[in-house]
There are 2 protein chains.
Amino acid sequence: MARTTGSDGEKTEAAIRDAALDLISRLGFEAMSMRQLASQVGVQPAALYRYFPTKEELLFALMREHMENLIVSWGEARPVEGTIEEKPAGRLAAFVENHIRFHLARRNSTHVSNLELRSLSEKRLKRILDLRSQYEGELRSILTDGQRDRVFQIDDVSLTAMAIIQMITGVIVWFRPELRLSEDEVAANYHTMTMRLVGAVM
Amino acid sequence: MARTTGSDGEKTEAAIRDAALDLISRLGFEAMSMRQLASQVGVQPAALYRYFPTKEELLFALMREHMENLIVSWGEARPVEGTIEEKPAGRLAAFVENHIRFHLARRNSTHVSNLELRSLSEKRLKRILDLRSQYEGELRSILTDGQRDRVFQIDDVSLTAMAIIQMITGVIVWFRPELRLSEDEVAANYHTMTMRLVGAVM
DNA sequence: GAATTAATTGAACGTTCGTTTTATTAATTT
DNA sequence: AAATTAATAAAACGAACGTTCAATTAATTC
């Protein structure tokens, strides 16, 4: 056999991405074999190489897409200038809420992006870390502005930014949709904790 | 050749553990081969199997030891009953300080214990998660007591416990000894943030 | 100093890995 | 309807994997 009836490059590529996110987040990147991936997609291993030249480039594509989506998501959620929400406290609230919702909606790719950095070559690792640093810079600038306006009490902006990122990303480690708390309640809770953490009066 | 001059089982086992922690934390468990490990220890691959029956049991041993050490460490650092430090705020301060110092002193095994859970069989995974839950229970009980005494303002004890654990464990992701902040400063900073997070007045 | 035990080597086992090559068929274009 | 391009299958490559086994030597015990 060769080309199968109804086969379509775009659909296959999307199916590969989905299956890869599922398998990598469950088994880990190194533990997932290309044969396993092909089998889950319903295709022969060789077909994968039409879409991704190597296993590592597949991982890189998934991670880059995740980070770019995250940055775009924040760009759209960020309060517009001149509004009341554009003050530091409003921006921080928007940042936390967007971050929580984005990650809860993308558990698989979040796991992949957070746990598989070691499998990237130095060059590709740097590109992902640059995107990450760009995103974290948004948080740092919010904290710096709040410190300047004396609405936040922060000892060290960089350290606080890392602490907040770790805390709010950690939600995907324990949160399960079937648990007692809803996504809204979780987001509200993290918002409150973040505001207390930076010493903002609510 | 066979047994080498000066060879000693205890030393070899310790060397295997050290090398494994180093390699796994750098490459990941699946990416580390037993041949690589043997080479770093300075021994033939077959020699590893005198100390650990399988690769997975080696990983399990490293993780269990890490968690048991963490629990022992907290047992020794925990304030004694009847002292002023035994109030919730003092216990929380001790918990955060011990946690930060313990993890900063054991970067490799922390990475292994946090990132490689997926490589454990169901049974062994459960044993590690039980130890983890036992440790987290200590934090939850501190938060519960502080809530009862009205010295902490906490919406949800479990959620807050997870948030704090994620935040303070995250220190090893970014902290490098050569950076501007000392271990003492970092610990003090996390202590302040934690107290603010639970709404304690300092 | 002989017998025993501990520690390790060297070689090999079958399996699986990521990837490549070639052939074949479906869909699209001309 | 013929020619071309896109999508896949089938088979194979050499390399690396975790692990086992038998042989060998160092250290210890008697």
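All values below were derived from every heavy atom in this structure, side-chain atoms included, with hydrogens, water molecules and symmetry-related copies excluded. Proteins come first, then strands; the chains are lettered A, B, ... in the order of their sequence lines, and each starts at number 1.
- The listed nucleotides are D/dA7, D/dT19, C/dT8; the one nearest the side chain of B/Y51 is C/dT8.
- The distance from atom CD of B/E30 to atom P of C/dG18 is 11 Å, rounded to the nearest whole Å.
- For B/I16 and C/dA7, the CD1 to C1' distance is 11 Å, given to the nearest whole Å.
- Out of C/dA6, D/dT19, C/dC17, the shortest distance to the side chain of B/T54 is found at D/dT19.
- Each of C/dT9, D/dT20, C/dG18 was ranked by its minimum atom distance to the side chain of B/A47; first place goes to C/dT9.
- Near DNA chain C, defined here as any heavy-atom distance below 4.0 Å, the residues from residues 35-46 of chain A are A/R35, A/A46, listed numerically.
- With sequence neighbours left out, A/R127 forms a salt bridge (charged side-chain N to carboxylate O under 4.0 Å, His left out) with no residue at all.
- Within the structure, salt bridge (charged side-chain N to carboxylate O under 4.0 Å, His left out) pairs that include any residue of residues 101-115 of chain A comprise A/E97-A/R101, A/R101-A/E183, A/R101-A/D184 (at least two apart or interchain).
- D/dA27 atom P lies 11 Å from atom NZ of B/K11, rounded to whole Å.
- With rounding to whole Å, B/F29 atom CZ is found 8 Å from D/dG18 atom P.
- In this structure, CZ of A/R50 is placed 7 Å from P of D/dA6, rounded to the nearest angstrom.
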Determine all donor-acceptor pairs shorter than 3.5 Å in which one atom belongs to a side chain in residues 163-174 of chain A; sequence neighbours excluded.
| residue | atom | partner | partner atom | Å |
| --- | --- | --- | --- | --- |
| A/T169 | OG1 | A/H99 | NE2 | 2.8 |
| A/T169 | OG1 | A/I165 | O | 2.8 |
| A/W174 | NE1 | A/Y190 | OH | 3.0 |

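- At least one side-chain nitrogen or oxygen of A/S33 sits closer than 4.0 Å to the OP1 or OP2 atom of C/dC17.
- Applying the ring-ring contact (aromatic ring centres under 6.0 Å, His included) rule to A/H191 yields no partners; only residues at least two apart in sequence or on another chain are considered.
- Atom CD1 in B/I24 sits about 11 Å away from atom P in D/dG18, given to the nearest Å.
- Remark: A/E81 CD is loosely packed, at most 12 non-hydrogen atoms of other residues, nucleotides or ligands lying under 6.0 Å away.
- Which of C/dC17, D/dA9, C/dT8 sits closest to the side chain of B/T12 comes down to C/dT8.
- Under the rule for a side-chain contact (heavy atoms from CB on, under 4.5 Å), A/A46 has no partner lying at least two apart in sequence or in another chain.
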